[in-house]
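Here is the structure we will look at, set down as structure tokens.
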Amino acid sequence: MPEGHTVHRIAGLFRDVFQGQSVAASSPQGRFHDGAQLISGSVLERAEARGKQLFLHFERDRIVRVHLGIYGAWDVMTLHGESVRAGSPQTLSLGAPRATRRRIGEREESFDADEPFPPAPRGAVRLRLETLDVVADLRGPTACEVQTPEEVAAVMARLGPDPLLDKGIRGQREFVRRVSSTSRPIGMVLMDQAVVSGIGNVYRAEILFRHALDPYRPASSLPEETVVTLWKDWAKLLADGVKTGVMLTRHDLDASGRTRALRVAKDRYFVYKREGLPCRVCGTHVQMALMATRKLYFCPHCQAS
DNA sequence: CATCGATGTTGAG
DNA sequence: TCAACCTCGATGG
């Protein structure tokens, strides 16, 4: 599911396949019918992510803002093979070219779909974006709406820095300022999109473990140097996540362990979803507690104050 | 078949 | 603090 890395991957993929092209838009499910009509046939000028928010800039200052929420996902299907790509309608009708599907969101996967192109929408597709050789289906988003540049600016203004957009000292300083100015627990603060963009429940737990931090410790009590380290670590994890599509957060693995963890979810994390299992560092049982309705995982020994 | 849970946010009280 | 919302795969009977 979507933490910041997923959304940046989608933005990158959309730049590759849609940017500069006229895109047909529809809402097979019907719930985004009017919005789809507003943009259908216009050129996608830009696709950008900020944290978990995706902005698709179409002509005439029409911007589609998408937030996947907890289970939203994009399904992207492309025809493969250049000859098919360039194919005329006759070529397409010559019989069921195979498509490659890429699911982006909860669980990413690629597979050959044994079906004609473009495939019929499956399930509740809120928004379908389509060119001659690419179809992207959006399901289950928390938000999908057409906004003006002013509305987009207002959303952006409420978001904390994103390491991929606010590189260098400016983003870092902003992060330090926002973390240090609140006494709420650091475990809550890292999840607050107004403090920093893109961190979700998985990265939150893993980052805290990687820095041996007690999730309940007041954010303002952390030394500035620790906060700077957190920012740099998030920047690295995010860059890795965008590259691989996987939240691999363990720095205790050799090359083969890493390869395995990329494949096997159970091996992927230090503490996330490992309640009751031995801490990978000290063997203490990993604990789970609710923090503001979300499940928080941590090692009570390694992460003691 | 029904129920549950998930990498999230919003808004009411 | 809590319910509502959005969708689907996993789990249980």
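Residue numbering restarts at 1 for every chain, and letters A, B, ... go by the order of the sequence lines.
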Could you check how far CD of Glu275(A) sits from P of dA6(B), rounded to whole Å? 10 Å

Touch check for Arg126(A), heavy atoms < 4.0 angstrom, all strands: base, sugar-phosphate only, or nothing? sugar-phosphate

For dT7(B), does either OP1 or OP2 sit under 4.0 Å from a side-chain N or O belonging to Tyr272(A)? yes

Does dT7(B) have OP1 or OP2 sitting under 4.0 Å from an N or O in the side chain of Lys52(A)? no

Would you kindly give the OH-to-P distance between Tyr203(A) and dA6(B), to the nearest whole Å? 19 Å

Walk me through whether Leu138(A) and Leu68(A) qualify under side chain to side chain contact (heavy atoms under 4.5 Å, CB included). CA-CA 9 Å; Leu138(A) 170 66; Leu68(A) 292 177; 3.6 Å; yes

Could you state the atom-to-atom distance from CG of Asp75(A) to C1' of dG9(C) in whole Å? 14 Å

Respond yes when some side-chain nitrogen or oxygen of Lys295(A) is under 4.0 Å from OP1 or OP2 of dA6(B), and no when none is. yes

Arg294(A) side chain N/O closer than 4.0 Å to the phosphate oxygens (OP1, OP2) of dT7(B)? yes

Pairs counted only when both distances fall under 3.5 Å, Watson-Crick or G-U: show me the 5' to 3' dot-bracket for DNA chain B, [ ] for pseudoknotted crossings and | for other-strand partners. ||||||.|||||.

ring-ring contact (aromatic ring centres under 6.0 Å, His included): pairs with one or both residues in residues 159-214 of chain A, sequence neighbours excluded: His5(A)-Tyr203(A), Phe175(A)-Trp231(A), Tyr203(A)-Trp234(A), Phe209(A)-Phe270(A)

Pick base, sugar-phosphate or nothing for Arg268(A), based on heavy-atom distances below 4.0 Å to the nucleic acid. nothing

In whole angstroms, how far is the P atom of dT10(B) from the CZ atom of Arg158(A)? 7 Å

